[in-house]
Amino acid sequence: MKFLLVPLAALAIALPAQAQFKSPEDAVKYRKSAFTLMGSHFGRLAAMAQGKVPFDAKLAAENADVLAVVVKLPYSTFGEETATVANSEAKPEVWKEMPAFKAAAEKLQGEVAKLQVAAKTGDLAQLKAAVGQTFQSCKACHDKFKEK
Ligand code: ASC
């Protein structure tokens, strides 16, 4: 039995945040939840970057750490079977242009990794710059792949 554990562990590492769902509707619910969390934690960082709330370096670092985890969650859930689920805001372009969609997701994940580093510096200027880059990455993907 033990020999099976090694390949399974390798699979878990190769597919971070790969989750199992009972139905396509459940997969959509899961990814919408993940996007809600992303918006919430990024929103707190954006508010600090824009001076809408006071800059708090510790809070910024905490939010960036959470964001860095949740940004890994939604993108493995866009299987073909979820393309026609009602109340999904994903455009058909997600499936028609899957390589571009994946590239956009990876771009965002890269920006969030940089944002996480910037937030740890405690330097508001660095946070602002990284929030700006991350925002552009969110927006680029929404413009192309998300219903308004
Ligand atoms: C945010 C947020 C988003 C993006 C998006 C960019 O702050 O919650 O979903 O930026 O508005 O277009």
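We count ligands from 1, going down the list as the structure has it; atoms in each ligand are counted the same way. Keep in mind that the numbers below use all heavy atoms, side chains included, and drop hydrogens, waters and symmetry copies. We number each residue from 1, following the sequence as shown.
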Does the side chain of C138 come within less than 4.5 Å of M38's, by heavy atoms? no
Check: residues 86-93 side-chain donor-acceptor pairs under 3.5 Å, at least two apart:
from: S88; atom 1: OG; to: A90; atom 2: N; distance (Å): 3.1
from: K91; atom 1: NZ; to: D143; atom 2: O; distance (Å): 3.4

At a 4.0 angstrom heavy-atom cut-off, ligand 1 is contacted by G39, F42, F135, C138, K139, H142
Test side-chain contact (heavy atoms from CB on, under 4.5 Å) on Y30 and L73 and set out the steps. CA-CA 9 Å; Y30 173 96; L73 304 184; 3.7 Å; yes
Tell me whether K102 is salt-bridged to E106, with the criterion being a basic N under 4.0 Å from an acidic carboxylate O. no
Closer than 4.0 angstrom, basic N to acidic O: yes or no for K58 and E62? yes
Over 60° means perpendicular and under 30° means parallel, so classify the ring planes of W95 and F78, tilted if in between.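 Taking W95 first and then F78, their aromatic rings sit tilted (interplane angle of 30° to 60°).
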